[in-house]
Each structure stands twice: as structure tokens, then as C-alpha cells.
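What you see below is based on every heavy atom in this structure, not just the backbone, and it leaves out hydrogens, waters and symmetry mates. In this chain, numbering begins with 1 at the start of the sequence shown.
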Amino acid sequence: MKITAALLSLLIVLTIFPSFKVKAITFTPSFAVSSDAAVLINLDKDVVIYEKNPTKKMYPASLTKLMTAIVVLDHVKDLDNTYFEAPLVVFDELFGKGASNVGLSRGEITTATDLMYSMLMHSACESASILAYHVGGNSIPNFINMMNEKAVEIGCTGTNFANAHGLYDDNQYTNAWDMALITKYAVENYPKLVEIASTVEYRMKATNYRSEDGWVTIYHTNRMLMKNSEYYYQHSKGLKTGTLDQAGRCLAALASRDGNNYLLVTMNSPLVDENGNAVNYHYDDHRNIFEWAFETFAYQKLVSVTEEITEVSVKLGQDRDHVLLLPAEDYSALWPLTLDASALRKDIVTYTDDDGAVIAPIARGQVLGALTLSLSGETICEVDLVAKESIERSQLEYSFLKAKEFINSSWFKFAIGIAVTLIVLYVTLLILANKKRKQKIKKVTKSRRF
């Protein structure tokens, strides 16, 4: 009952976001979400299922590295055979900031592949800056411009990047919606990024400074991927964590179960509880939200082309005085299993004349109306209503109608008026002529008497 009641609490998805196809309503789970902002997307149907403070300004922390990876992959086509040397400027920028790292040194030459793995999996800040420096044409500021241009291209409206690694900068900000756009764009267009960001453990290759044995195995920072972790969630995959004092705990991840695929971005989950103890509520948020989505929603047909919605009267029909209307197409959507689709309100509009009828001939499939489904005042969908069958026109009734229309027409009335006028004039002229003739006869007769 709590779930059903919660599902009936609906939030309107802002229509200014063009990147998702279906956005009429979202649903609110019955449990608390600790993260300050969140966006859940069903990737199969391109549908936003849940959102919390989607446009609230946030700091992206290391979620930034997803955009860094996107720009790198736009410009580096062969990661395995591309080598970059770590420049001094990278380490000067990161010095004393406590940045997460993989232990690279100035002058060390590494493949772009290893830099990508260490950046996305291990969240290595020096790897992000090394990639930015070289892909930006030996200019990190130039790479930052490329990141911001890409954000605009993707459709972000509340995002600005000031670095490639995600460390705090007051001029580096985003929101959960934009981060969902960026992550979804990455998932749909960069399979290599998803492959790297979903790898649980990885051993970097030899460099000019060390052999392969000189590296320790690196692990993904998302503990939901680790089977020996208390936060392990078997349906989760990738993608990127982010943690900063100013940003809280952030996580962008995928989850798949029973053929359903979801993307969830959460931002600014607390770092500590009320007692000052470190907490990882963002993992709880992801598990709870994913499970809620898997257990609650199924793809259901809300409108069927075989459903007889209404009927309208037909004028001039050959042996038929009405026609049934059906939806022009099926409409299906992710719908909560606990909510009966019959609860949807159906508003029907028919395209008829002033008498509430349509005029034959009517072709099967001809659009004669529209059906709108809504819930709690929010529109779910609108589909055309079409004629179930063709109806021929009765020529006899058509002839009578045309005759009636002609008789009632202003032209006919005008013609009758002219005819009456001519007849009256003609009769008047006859009377006058007859009177004149009689007067003439009388005059002649009188003159003869004399």
C-alpha cells in the first residue's frame, strides 16, 4: 500500500529536456534517498523513471572524468598504440591537493589505454591531466574548452568544466540531469569507454620507468562491483565514482536484470553520518533505486489498435449510420505493476460537424478523432482515432442532400427572388398593356358613334 501510495505522487518532467523520448511523468519511491540529486533512466525505452533535484547546481567531482574520456576517444582512435609522456605541468597542478593517483612520475611514458583504465577505474587524477595535456595540443586549457564544447553538443545547459580530473574548482559545476545526459551519451556512443569503466581489476603495462611487475593491480573504485564487498550488487556495472568535501559522494552506474537496463546518476550523498562516521549511503541509494525499478515497472500496452474507443454518427452512409473508431497505433510504456492502467483518464475528441456526425464516404484508417490518456492531470500520451472500416456514400441520399442544400442556398433564394420579381413585372406589364389596349378600343368605339 505504501508503494502504491508513493507511486501516485507524480513529478512532472521538464519538457525543455529534449534528449529523452518519453517524459510525461516520473514516479517517487516509498523509501528515502540520501543523495541530494538523482536521475534514473530506463535505457531500453529512453524513459526517465525517477528524478530528484535534477537541475540543482552540483559539483561533479571525479564524474568529470567521464567527459574527459569522451573527448579523448573523439581524438585518439588507437589507444593501444598511442603513447603519452607525463609532463611537469601536470604534477605542478596537482601538488599538495591530495589527489587520487596511480603513481605515475614526470617523464614516464604510458599508453593511452593504461591512462584511460587508471583514470576511469582508479580515478587517477594525473592520468586525466596527462590525457588532457596531449589531446589538447600540449594545452590543458585548450582541452577544457573542448570539454565544454562537447557538453553543449550533448545538450547540457547547467554545466561548466574548469579541469579534467574533477578536483574542486568553484567554476566547475553541473547538475544531475546534465551528468545523466553525459553518461547516457557515453554509454550509447563509446563502447570502449563502457568496457574500460566496467572493468573490475586491471594491471598496467610496462613503461620506460618500470616493468610490468613494477605495477600493482588496480581496482575499480565502485565497491558495488566487488564480490567481497558488503556493497556488492550483482546487477550493477561500472561506471564512475566521485568524492569531494564540496560534492559529497557521487556515482554513475548501470544495472541490468531480466532484459531491463537502467542508468542511475546520484550526487552529493553524505560523506559522514550525524556522529561523524564515514558512510556510503550512495551505494544504498543505487541498490534501492535499481531494485525498486526492476520490481515495480514493466513494459505494458496502454493503448491497443484493436480497442473500440467510441463511435460517431455517419451521414449519407450506404446502409450504415455510424462508424467505430480505433487507436491509430499501439502505445506502450514502462508502467508500475501496482497501478492499474484502467485508472487512466481517457479524453476523446471527434472531428465531426455541428450535428456530431461525419459525412460519407469514409476510408478505413481515416483520422476522425484523438484519444488522450492522463493521470492526475498529467498527459501520458495522445493518439489519433481512425475509422475501423470504410463506408460508401449513398448516392440517393447524396442527391437529396444536394437538392436540399441547393434549395436552402442563398443562390437559389436569390434566383427565386429574381424569378418572382420578373413574374410580377411581367404580370404588371401585361395588366398595363391590357388596360392601355382597352382604353384604345374604348376611344375608337366612341369616335365612331360620332
Requested in this report: For a ring pair (Phe, Tyr, Trp, His ring centres under 6.0 Å) with F27, tell me which candidate from W292, F297, Y50 qualifies.
Outcome: F297
Report task. Compute whether any side-chain donor of one residue and acceptor of the other, for Y231 and D284, lie under 3.5 angstrom apart. Result -> no
Query raised in the report: So does K346 pair up with E307, basic N to acidic O under 4.0 Å?
Result: yes
Query raised in the report: Is a side-chain donor-acceptor pair under 3.5 Å present for K65 with S123?
Result: yes
Query raised in the report: Between the side chains of Y168 and D170, does any donor sit under 3.5 Å from an acceptor?
Result: yes
Report task. Side-chain contact test, heavy atoms from C-beta onward, threshold under 4.5 Å: evaluate it for T157 versus D178 and give yes or no. Result -> yes
Requested in this report: Fit a plane to each ring of Y262 and F290, take the angle between them on a 0 to 90° scale, and name the class: parallel (under 30°), tilted (30 to 60°) or perpendicular (over 60°).
Outcome: tilted
**Report entry** Side-chain touch Q234/R257, heavy atoms, less than 4.5 angstrom
**Finding:** no
Query raised in the report: Is K227 atom NZ crowded by more than 12 heavy atoms from other residues, nucleotides or ligands, each under 6.0 Å away?
Result: no
Query raised in the report: Is the count of non-hydrogen atoms from other residues, nucleotides or ligands lying under 6.0 Å from N275 atom CG greater than 12?
Result: yes
Query raised in the report: Taking 4.0 angstrom as the limit, do E108 and R210 come out as a salt bridge?
Result: yes
Report task. State, to 0.1 Å, how close S118 and M204 come at their nearest heavy-atom pair, and which atoms those are. Result -> CB-SD, 4.0 Å
Report task. Check the surroundings of atom CZ in R106: do more than 12 heavy atoms from other residues, nucleotides or ligands lie under 6.0 Å from it? Result -> no
Query raised in the report: Can a donor-acceptor pair be found between the side chains of Y190 and D74 at a distance below 3.5 Å?
Result: yes
Query raised in the report: Just by distance, do the side chain of R249 and the backbone of V279 share a donor-acceptor pair under 3.5 Å?
Result: yes
Query raised in the report: How about T241 and N222: does a side-chain donor come under 3.5 Å of a side-chain acceptor?
Result: no
Query raised in the report: Less than 4.0 Å between a side-chain N and a carboxylate O, is that true for E308 and K388?
Result: yes
Query raised in the report: Taking all non-hydrogen atoms of both residues, which atom of A360 and which atom of L316 are closest, and how far apart?
Result: CB-O, 3.6 Å
Query raised in the report: Can you check whether L63 reaches I182 side chain to side chain, under 4.5 Å on heavy atoms?
Result: no
Requested in this report: Please check if any side-chain donor atom of N175 sits under 3.5 Å from a side-chain acceptor atom of T55, or the reverse.
Outcome: no
Report task. State, yes or no, whether a side-chain contact exists between S256 and N261 at a heavy-atom distance under 4.5 Å. Result -> yes
Report task. Check for a donor-acceptor pair, side chain of T64 on one end and backbone N or O of P60 on the other, with a separation under 3.5 Å. Result -> no
Query raised in the report: Any donor and acceptor pair, going by atom type alone, linking the side chain of T68 with main-chain N or O of A164 inside 3.5 Å?
Result: yes
**Report entry** Short N-O contact, K184 and E188, less than 4.0 angstrom
**Finding:** yes
Query raised in the report: Is there a donor-acceptor contact under 3.5 Å linking the side chains of T266 and D285?
Result: no
Requested in this report: Return yes when atom NZ of K237 has more than 12 non-hydrogen atoms of other residues, nucleotides or ligands closer than 6.0 Å, and no otherwise.
Outcome: no
Query raised in the report: Is there a side-chain contact between E93 and I140, using heavy atoms and a 4.5 Å cut-off?
Result: yes
Query raised in the report: Are Y283 and E230 close enough that a side-chain donor and a side-chain acceptor fall under 3.5 Å?
Result: no
Query raised in the report: Does W215 use its side chain to pair, donor to acceptor, with the backbone of A206 at less than 3.5 Å?
Result: no
Query raised in the report: Do Q300 and L337 touch side chain to side chain, with heavy atoms closer than 4.5 Å?
Result: yes
Query raised in the report: Can T207 and T110 be counted as having a side-chain donor-acceptor contact under 3.5 angstrom?
Result: no
Query raised in the report: Do T174 and C156 come close enough that some side-chain heavy atom pair is under 4.5 Å?
Result: no
**Report entry** Test applied, side chain to side chain donor-acceptor pair (under 3.5 Å); reference residue, K315; option that passes from D353, T352, D321
**Finding:** D353
Query raised in the report: Below 4.5 Å, heavy atoms only, C-beta onward: do E389 and R320 meet side chain to side chain?
Result: yes
Query - Nearest atoms (heavy-atom pairs only) where T221 meets K240 - result: OG1-NZ, 4.3 Å
Query raised in the report: Should N171 and Y173 be marked as a side chain to side chain contact (heavy atoms under 4.5 Å, CB included) after you check the CA-CA gap, both sets of side-chain angles, and the distance that decides it?
Result: CA-CA 6 Å; N171 199 36; Y173 52 85; 3.9 Å; yes
Report task. To the nearest 0.5 Å, tell me how far Y219 OH sits from H122 NE2. Result -> 11.0 Å
Query raised in the report: Has the side chain of H134 got a donor or acceptor atom that lies under 3.5 Å from a matching backbone atom of E85?
Result: yes
Query - Donor-acceptor contact present, side-chain N42 to main-chain V47, <3.5 Å - result: no
Query raised in the report: Sub-3.5 Å donor-acceptor pair from the side chain of N208 to the main-chain atoms of G107, do we have one?
Result: yes
Query raised in the report: If you look at every heavy atom in E126 and G103, which pair is closest and at what distance?
Result: OE2-N, 3.0 Å
Report task. List the atom of D169, the atom of Y59, and the distance in Å for their closest heavy-atom pair. Result -> O-CE2, 4.0 Å
Query raised in the report: At their closest point, which heavy atom of A253 faces which heavy atom of G238, and how far apart are they?
Result: CB-O, 3.4 Å
Query raised in the report: Is D330 reaching over with its side chain to a backbone N or O of V305, donor-acceptor style, under 3.5 angstrom?
Result: yes
Query raised in the report: Has the side chain of K52 got a donor or acceptor atom that lies under 3.5 Å from a matching backbone atom of V33?
Result: yes
